[in-house]
Amino acid sequence: MRTDPSMMEPLLGTFADRAPSGDGLAADRSLLPFADAVPVDVEAQATGSGRTLDLHDTLQARRSTLQYGKAPVRTDLILRWVREALVRDADDWGLDDACGPLEAFVFALRSEGRPAGIYRVTAREASFIAPASAVGDPQSLGIQMEFADGAGIVTVCANLDAADSWTGAHGFRLCAVRASMALYDFHLRCQSDRLAGTVFGGFIGASVRHLIQSDGVTRHPLLSATYAHPAS
């Protein structure tokens with residue numbers, strides 16, 4: 001069956017549109033702060049297992065899994081890898097001023113070296129914002145209870161308000177692409193260091209809205225990943 005090209009025009013037109021759908025005043029609004037956040041020094045010297053795979057071998061060996069070992073993971077490493085991914089995003093895209101920087105939240109449920117809890121990470125800084133007990137039941141973080149079995153979860157957020165004020169729906173699409181690239185950057189770094197995990201879109205932001213100050217507009221989770229030692 002042949003498709004009439006004119007039927008695609010409305011859909012293609014939405015990809016060409018750059019008109020904001022909101023009030024365009026995102027620059028006048030600020031992200032909700034974290035008054036009790038405790039700065040964390042992300043150790044540049046933190047190293048992994050010492051058995052790091054190169055990109056080719058990482059891609060060959062990569063497996064998405066929800067089967068995890070129970071040992072804690074070094075949170076300093078996770079924070080460092082997340083921050084490095086966000087730095088690369090900021091440098092490569094150069095869009096932080098136009099549609100806002102990405103930020104990530106690390107839910108370190110089984111943590112080595114630092115307290116289990118929620119950490120906020122940007123390209124510039126990292127901070128501890130709440131203990132793990134504040135989450136309650138970790139199964140509330142994802143649509144599949146297996147996500148909570150990992151040592152932790154990383155979710156990447158974007159400022160959709162700023163993105164819309166910049167170029168409307170196109171701004172959202174770019175935020176989604178940037179978040180995906182940054183999250184996979186982190187995920188593959190974990191895999192290269194022989195950690196396990198899976199990328200998923202079913203993070204339930206509403207369960208921790210009060211903890212990560214997510215209003216779904218100025219700070220909205222877009223993509224997440226689990227991390228853990230592999231099951232033995």
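Scope of the values below: all heavy atoms of this structure, side chains included, with no hydrogens, waters or symmetry mates. Bear in mind that the values here come from a model prediction, so they are computed numbers and not experimental data.
- You'll find the ring centres of Phe203 and Phe107 inside the 6.0 Å limit.
- Side chains of Arg114 and Ser111: no donor on one and acceptor on the other come within 3.5 Å.
- The side-chain heavy atoms of Arg219 and Asn159, taken from C-beta on, include no pair separated by under 4.5 Å.
- Considering only heavy atoms from C-beta on, Phe105 stays 4.5 Å or farther from Val156 through its side chain.
- Pro221 is listed as a side-chain neighbour of Ser214, based on a closest heavy-atom distance under 4.5 Å.
- In summary, the side chains of Asp215 and Thr218 do present a donor paired with an acceptor at a separation below 3.5 Å, with no hydrogens or angles considered.
- For the pair Leu211 and Ile129, the minimum side-chain heavy-atom distance is 4.5 Å or more.
- Aromatic ring orientation, Tyr227 versus Phe186: perpendicular (interplanar angle above 60°, classes split at 30° and 60°).
- Contact check for Cys157 versus His220: no side-chain heavy atoms found under the 4.5 Å cut-off.
- The environment of Gln144 atom CD is dense: over 12 non-hydrogen atoms of other residues, nucleotides or ligands sit within 6.0 angstrom.
- For the pair Asp185 and Arg178, the salt-bridge criterion is not met [side-chain N within less than 4.0 Å of a carboxylate O].
- Ring centroid separation for the pair Phe200 and Phe147 comes in under the 6.0 Å cut-off.
- Arg124 contributes no side-chain N or O that, together with a main-chain N or O of Val87, makes up a donor-acceptor pair within less than 3.5 Å.
- In Asp97, the CG atom is not crowded: 12 or fewer heavy atoms of neighbouring residues, nucleotides or ligands sit closer than 6.0 Å.
- Between the side chains of Tyr68 and Thr226, at least one donor N or O lies within less than 3.5 Å of an accepting N or O.
- In Arg88, the CZ atom is crowded: over 12 heavy atoms of neighbouring residues, nucleotides or ligands sit closer than 6.0 Å.
- Annotation: Asp36, atom CG; neighbour count of heavy atoms from other residues, nucleotides and ligands within 6.0 Å does not exceed 12.
- For Glu125 and Arg120, the salt-bridge test passes: some basic side-chain N is under 4.0 Å from an acidic carboxylate O.
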